[in-house]
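Data first, discussion second: the structure below is written as structure tokens.
Numbering of ligands and ligand atoms starts at 1, following listing order.
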Amino acid sequence: MTSLLRVDGLVADHGLLHAVRDLSLSVEEGEVLALVGANGAGKSTLLRTLAGAHPASGGTIHFDGADITGVPAHRRVGLGLALVPEGRKLFPEMTVEENLMVAGRRARPGQWNLSTVLDAFPMLVPIRRKRAENLSGGQQQAVSIGRALMTNPRLLLIDEVSLGLSPVAVDMVYESLSALITAGATLVLVEQDLRRALSVADRVVCMLEGRVVLQSPTSAVTRDQVTQAYFGLSRTPSVPADRPLPERT
Ligand code: ATP
């Protein structure tokens, strides 16, 4: 079976710094992958490189079997890859509805439009005519995810889902994400909150210094094991999705 996303030996640099080093992973259709790692591990650079917002210096990215490594960002959106960037990056002077509609102009055919996005994010309904600059962090994050959905993605990459949000806002955003997941969305989530990440994801990938140091089905790994990999305390070997990690002694 062809993976929806396959990354082989990917390298992405900031000047002389290798932010992503020889990284390989795949994402299957309908899968939810949590991408975790400490600050500076390379998660944002990886997502931006997958979305075409940052150039790859080496390796390949295949989407639905096609090599998209050199394909520009706007064409990746057309193929079904959407990024919810760190910091949300909304148009501040536009209303919620306008921010959503702008993204809809590049939409692939599919289930998502203004009405279905507002159904998925009911918190946006009463504020649909409010300017983005006047929204709370949680509301902005919901608009940002909704905006990506408007393109009808086959794979949604979400950077820093809950960063800077109040606990109530995080709950609301995750409620909507859970509904998307139940509906079969394919997601890669960058999330600092390990508990949250592990509670929604099928698989967890932990990065350290640009590399994957742990890769496992969430059901086969403990939070402790992920935390250790996160801080580089143990280099737990990556395991294939169908093989559980050995029991810890
Ligand atoms: P964070 O959670 O802090 O966003 P991250 O895991 O997403 O961390 P990246 O933001 O991808 O990591 O950063 C990876 C490395 O690249 C870090 O060492 C960071 O300092 C560096 N880096 C990121 N963006 C730039 C940039 N625009 N210019 C130079 N170096 C950068």
Side-chain angles (χ1 to χ4, degrees), residues 5-27 32-61 68-69 72-73 76 81-90 137-138 140-141 144-145 147-148 153 155-167 169-170 173-174 177 187-201 203-216 218 221 223 225-236 238:
L5 179 80
R6 209 186 79 224
V7 177
D8 290 298
L10 192 69
V11 181
D13 301 330
H14 294 288
L16 293 178
L17 175 87
H18 299 310
V20 175
R21 307 167 190 228
D22 191 23
L23 184 142
S24 301
L25 59 81
S26 55
V27 182
V32 178
L33 191 140
L35 182 61
V36 303
N39 285 346
K43 306 176 300 292
S44 295
T45 306
L46 172 61
L47 288 205
R48 287 172 47 76
T49 308
L50 297 179
H54 189 92
S57 318
T60 56
I61 305 166
I68 60 159
T69 318
R76 294 191 202 194
L81 245 174
L83 172 68
V84 177
E86 189 175 1
R88 291 128 208 169
K89 313 247 172 13
L90 300 176
Q140 288 188 12
Q141 184 63 300
S144 189
I145 298 171
R147 181 177 60 177
L155 172 59
L156 186 54
L157 311 167
I158 311 183
D159 202 353
E160 301 288 9
V161 179
S162 61
L163 189 72
L165 305 187
S166 69
V170 174
V173 168
Y174 267 92
L177 281 183
L187 303 176
V188 175
L189 306 174
V190 169
E191 176 56 271
Q192 296 284 357
D193 181 338
L194 259 188
R195 187 184 58 81
R196 291 268 183 191
L198 296 179
S199 72
V200 295
R203 202 148 56 86
V204 59
V205 167
C206 182
M207 284 179 74
L208 179 74
E209 295 169 0
R211 294 191 172 88
V212 171
V213 285
L214 179 148
Q215 178 162 197
S216 170
T218 43
V221 76
R223 219 159 103 195
Q225 285 171 317
V226 180
T227 309
Q228 288 191 5
Y230 195 99
F231 291 112
L233 298 176
S234 77
R235 299 226 164 202
T236 313
S238 294

[atom1] of [X] to [atom2] of [Y]: how many Å apart, nearest 0.5 Å?
X: Lys43; Y: Glu160; atom1: NZ; atom2: CD; result: 5.5 Å
X: Leu83; Y: Leu50; atom1: CG; atom2: CG; result: 9.0 Å
X: Ser26; Y: Gln215; atom1: OG; atom2: CD; result: 6.5 Å

Partner set under side chain to side chain donor-acceptor pair (under 3.5 Å) for Glu191, not counting sequence neighbours: Ser162, Tyr174
Contact residues of ligand 1, where a non-hydrogen atom lies under 4.0 Å away: His14, Leu17, Ala19, Ala38, Asn39, Gly40, Ala41, Gly42, Lys43, Ser44, Thr45, Glu86, Glu160, Gln192
For Arg21, all residues meeting side chain to side chain contact (heavy atoms under 4.5 Å, CB included), sequence neighbours excluded: His18, Arg211
All salt bridge (Lys or Arg N to Asp or Glu O under 4.0 Å) counterparts of Asp8, not counting sequence neighbours: Arg6
